[in-house]
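Nothing here was measured: the structure is a model prediction, and the numbers come from that model.
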Amino acid sequence: MERTLKRSNLHFERALARLPLGVAADSGYWGDQHTRYVKRAVGARLQDIDDNEYIDYRLGGGRVILGYADRRVARAARSGIELGGALSLATELELAVAERIARMVPCAQLVRFASSSADAIADALRVARAHSGRDEIAIVDGSHAWLLGDAPRAGGRATGSEARPSRAVTAGRGAFDAWFHSIPRNDANAFEELLCSRRDRIGALLIEPIPLSPAQPALDADTLASLRSLCDRFEIPLIVDESTTGFRVARGGAQQALGVRADLCTFGPSLANGYPIAALAGSEAIMRRFGKQVAQGIGSAAHPLSLAVADKTLQLL
C-alpha cells in the first residue's frame, strides 16, 4: 500500500509558524515534504499521524535502550512522579543510581548527574581543567562535532565528519579555535606532538572510542593504549564519552569492550531509556573537586522521575 504523508505535511506547514524547520530539534526534520510526526511508539515500532508504521532501528538515536513504552519503565516513571516532581533537595534515588553505575563501570568511583549529554561533557571539561590546571582541550577527530560547531547535514542527520568551528560561536570571540585541538583518529603520534609543543597548556583529552557516525572508525586497541599512556605521562585526564556506547556495547561500556581506563566518563539518556538525564563519573581525586574548586548548579539534573527510570533501566540491563 502506498504511504501518504498528507496529515504530516499539513502539520508541518502549521508548525513552521512557531518552530524553526517545523520541529523542536534538527534531527526531527527530514525535509519539507518528508518530515514525519509520531502518534505512537511501542517497542521498536513507530506509527505516524498518517497511520504509517515503521521499524525504528535507531531507537531514538540510541537513547531508548529498552524500547519505546516499556511497561517496567513506565511504572518506575510513575513512582518518580509520586515522589513529588522537581525538587531542590536531594533524594535517596541519587545514591541508588550512582551505586548501580559504580558497579557496572570500573572508573566510576564518584558520580554527578546532568540534564543532557552536552551538559555532562561540559562538566567533565570544567572539572578536568581544574584538576590539571590547564585550559586547552584535545579532541579526537570526528568526535563531538556539536562541540566544535557546525557539521555537514544530510536529510536532517549530521554526518559527523568535517566538523568546523561555527561562525556563530567564533564571531567576535577571537581565538576560540585555539582552545580546542583536533587530533587525527588512530594517530597517537599526533597527540604526542601536540603535548610536547603545548605541554603546559593541554588540560584534558576527550575521546569517543566508538563514534555515533558510521563514517568514522572506532579507535583501535593500540591507539587507545598509547593515548592512555600519554595522558599518564603528561598528567592530564582522559575523558571517555560513553553517551552512545554506555551500557550498550558492554556492561561497562566502550571502556570494558576496548580495554581502556578513563579518568572521567560521560553517559547520556540511554541510562534512563531516553528520559532526560545524563551522568558524569570518574576518579575520586578529580570528582572531589566539585563543591570545592568547581561548581555545578543545574537544578533539574537529578529529577526524581528520570532517576527512578534510570534505577530501573540499569537494574534491567
Asker: When you compare the side chain of Lys312 with that of Leu307, does any pair of heavy atoms fall below 4.5 Å?
Answerer: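 They are not in side-chain contact.
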Asker: Report, as yes or no, whether the 6.0 Å neighbourhood of atom CD on Gln315 holds more than 12 heavy atoms from other residues, nucleotides or ligands.
Answerer: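 Enclosed: over 12 neighbouring heavy atoms sit under 6.0 Å from CD of Gln315.
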Asker: Side chains of Asp119 and Phe113: does their closest heavy-atom pair fall under 4.5 Å?
Answerer: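 Counting from C-beta outward, Asp119 and Phe113 never come under 4.5 Å.
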Asker: Evaluate the side-chain proximity of Leu125 to Ile239: yes if any heavy-atom separation is below 4.5 Å, no if none is.
Answerer: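 A side-chain contact exists here, since the closest heavy-atom pair is under 4.5 Å.
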Asker: Got a sec, which residues hit side-chain contact (heavy atoms from CB on, under 4.5 Å) with Ala272, two or more places apart in sequence or on another chain?
Answerer: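 With neighbours one apart ignored, the set is Tyr275, Ile277, Val309, Ala310.
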Asker: So which heavy atom on Ala190 is nearest to which on Pro184, and how close?
Answerer: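 For Ala190 and Pro184, the tightest heavy-atom pair comes out as CB-CD, 3.8 Å.
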Asker: Keeping Asp141 on the side-chain end and Ile183 on the backbone end, is there a donor-acceptor pair under 3.5 Å?
Answerer: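 Not a single qualifying donor-acceptor pair exists.
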Asker: Any non-hydrogen side-chain atom of Asp311 less than 4.5 Å from a side-chain atom of Arg100?
Answerer: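 Result yes, sub-4.5 Å side-chain heavy-atom pair found.
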Asker: Would you check, one step at a time, whether the test side chain to side chain donor-acceptor pair (under 3.5 Å) holds for Asp232 with Ser229?
Answerer: CA-CA 5 Å; Asp232 289 337; Ser229 178; 5.9 Å; no
Asker: So, do Arg134 and Ile236 sit near enough that their side-chain heavy atoms are less than 4.5 Å apart?
Answerer: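 SC-SC contact between Arg134 and Ile236 confirmed.
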Asker: Hydrophobic cluster membership, with links at side-chain heavy-atom distances under 4.5 Å among I/L/V/M/F/W/Y: are Ile121 and Leu110 in one?
Answerer: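 Linked, Ile121 and Leu110 end up in one cluster.
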Asker: More than 12 heavy atoms of other residues, nucleotides or ligands under 6.0 Å from CZ of Arg198: is that the case?
Answerer: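 Atom CZ in Arg198 is crowded, with more than 12 foreign heavy atoms closer than 6.0 Å.
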Asker: Using 30° and 60° as the class limits, which term best fits the ring planes of Phe267 and Phe247: parallel, tilted or perpendicular?
Answerer: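 Ring orientation of Phe267 relative to Phe247: parallel.
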Asker: If we ignore hydrogens and angles and just use 3.5 Å, is the side chain of Glu136 paired with the main-chain N or O of Trp179 as donor and acceptor?
Answerer: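 Here the side-chain-to-backbone pair does not exist.
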Asker: Give the cluster check for Val38 versus Val42: same hydrophobic cluster or not, with ILVMFWY residues linked at side-chain heavy-atom distances below 4.5 Å.
Answerer: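 Each belongs to a different hydrophobic cluster.
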Asker: Please tell me whether Leu227 and Val260 are part of a single hydrophobic cluster in this structure, the criterion being side-chain heavy atoms less than 4.5 Å apart.
Answerer: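 Yes, same cluster.
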Asker: The test is side chain to side chain contact (heavy atoms under 4.5 Å, CB included); show your working for Arg3 and Tyr54 and say whether it passes.
Answerer: CA-CA 11 Å; Arg3 294 181 186 271; Tyr54 310 88; 3.7 Å; yes
Asker: Given 3.5 Å as the limit, does a donor-acceptor pair link the side chain of Ser306 with the main chain of His303, or not?
Answerer: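 Not a single qualifying donor-acceptor pair exists.
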Asker: Tell me, with the steps shown, if Ser283 and Asp263 meet side chain to side chain donor-acceptor pair (under 3.5 Å).
Answerer: CA-CA 6 Å; Ser283 73; Asp263 296 303; 5.2 Å; no
Asker: After noting the C-alpha distance and the side-chain angles of Phe290 and Leu280, does the key distance pass the side chain to side chain contact (heavy atoms under 4.5 Å, CB included) rule?
Answerer: CA-CA 11 Å; Phe290 282 113; Leu280 165 62; 3.7 Å; yes
Asker: Where do Asp32 and Asn9 come nearest, in terms of heavy atoms and distance?
Answerer: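 For Asp32 versus Asn9, the nearest heavy atoms are O-OD1, 3.9 Å.
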Asker: Would you say Glu242's side chain and Gln255's backbone share a donor-acceptor pair under 3.5 angstrom?
Answerer: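 Yes, because the side chain of Glu242 sits within donor-acceptor range (under 3.5 Å) of the backbone of Gln255.
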Asker: Report the C-alpha distance between Ile210 and Thr244 in whole Å, list the side-chain angles of each, state the deciding distance to 0.1 Å, and finish with yes or no for side chain to side chain contact (heavy atoms under 4.5 Å, CB included).
Answerer: CA-CA 8 Å; Ile210 304 175; Thr244 302; over 6 Å; no
Asker: Shortest non-hydrogen contact from Asn186 to Ala218?
Answerer: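 Scanning both residues, the minimum pair turns out to be ND2-O, 3.4 Å.
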Asker: Is there side-chain contact between Ser182 and Ile139, with heavy atoms separated by less than 4.5 Å?
Answerer: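 The answer is no, as the side chains (C-beta and beyond) never meet within the 4.5 Å cut-off.
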Asker: Is Val73 linked to Val64 within one hydrophobic cluster, defined over Ile, Leu, Val, Met, Phe, Trp and Tyr using a side-chain heavy-atom separation of less than 4.5 Å?
Answerer: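 In one cluster with Val73: Val64, no.
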Asker: With salt bridge (Lys or Arg N to Asp or Glu O under 4.0 Å) as the criterion, how do Asp56 and Arg58 come out once you've worked through the C-alpha distance, each side chain's angles and the decisive distance to 0.1 Å?
Answerer: CA-CA 5 Å; Asp56 184 0; Arg58 288 163 55 86; 5.5 Å; no
Asker: Less than 4.5 Å apart, side chain to side chain, heavy atoms only: is that true for Tyr57 and Ile55?
Answerer: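 Tyr57 reaches Ile55 side chain to side chain.
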Asker: So which heavy atom on Ala262 is nearest to which on Cys265, and how close?
Answerer: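 Nearest pair, atom of Ala262 first, then Cys265: CB-CB, 4.4 Å.
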Asker: Counting C-beta onward and ignoring hydrogens, is there a side-chain heavy-atom pair between Leu305 and Arg78 closer than 4.5 Å?
Answerer: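 Sidechains of Arg78 and Leu305: no contact.
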Asker: For residues Leu16 and Tyr37: do they belong to one hydrophobic cluster (side chain heavy atoms under 4.5 Å, members Ile, Leu, Val, Met, Phe, Trp, Tyr)?
Answerer: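 Yes, because Leu16 and Tyr37 connect within a single hydrophobic cluster, where side-chain heavy atoms sit under 4.5 Å apart.
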Asker: Heavy-atom count check: over 12 atoms from other residues, nucleotides or ligands less than 6.0 Å from Arg248 CZ?
Answerer: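 Result for CZ/Arg248: enclosed.
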Asker: Once you round to the nearest 0.5 Å, how far does CD of Glu208 lie from OG of Ser243?
Answerer: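 Interatomic distance, Glu208 CD to Ser243 OG, rounded to 0.5 Å: 7.0 Å.
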Asker: Gln33 vs Leu5, test: side chain to side chain contact (heavy atoms under 4.5 Å, CB included). Steps then yes/no.
Answerer: CA-CA 8 Å; Gln33 300 298 314; Leu5 293 176; over 6 Å; no
Asker: By the definition side chain to side chain donor-acceptor pair (under 3.5 Å), identify the one residue from Asp48, Thr35, Asp50 that meets it with Ser8.
Answerer: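 So, applying the side chain to side chain donor-acceptor pair (under 3.5 Å) to Ser8 and each of Asp48, Thr35, Asp50, only Asp50 qualifies.
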Asker: Could you tell me whether the side chain of Arg36 and the main chain of His34 form a donor-acceptor pair under 3.5 Å?
Answerer: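 Here the side-chain-to-backbone pair exists.
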Asker: Nearest 0.5 Å please: distance from the OG1 atom of Thr266 over to the CG atom of Asp241.
Answerer: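 Atom-to-atom, Thr266:OG1 and Asp241:CG are 3.5 Å apart.
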Asker: On a heavy-atom basis, which atom in Arg185 and which in Leu219 lie closest, and how many Å separate them?
Answerer: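 Closest approach of Arg185 to Leu219: NH2-CG, 3.7 Å.
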Asker: Among Thr313, Leu316, Leu59, which residue meets the side chain to side chain contact (heavy atoms under 4.5 Å, CB included) test with Ile65?
Answerer: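 Among Thr313, Leu316, Leu59, the one meeting side chain to side chain contact (heavy atoms under 4.5 Å, CB included) with Ile65 is Thr313.
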Asker: Under the 3.5 angstrom rule, does the side chain of Arg289 hit a backbone N or O of Ile286 as a donor-acceptor pair?
Answerer: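 No.
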Asker: Which heavy atom of Gly268 sits nearest to which heavy atom of Ser117, and what is that distance?
Answerer: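 Heavy atoms only, the tightest pair is CA-OG, 3.2 Å.
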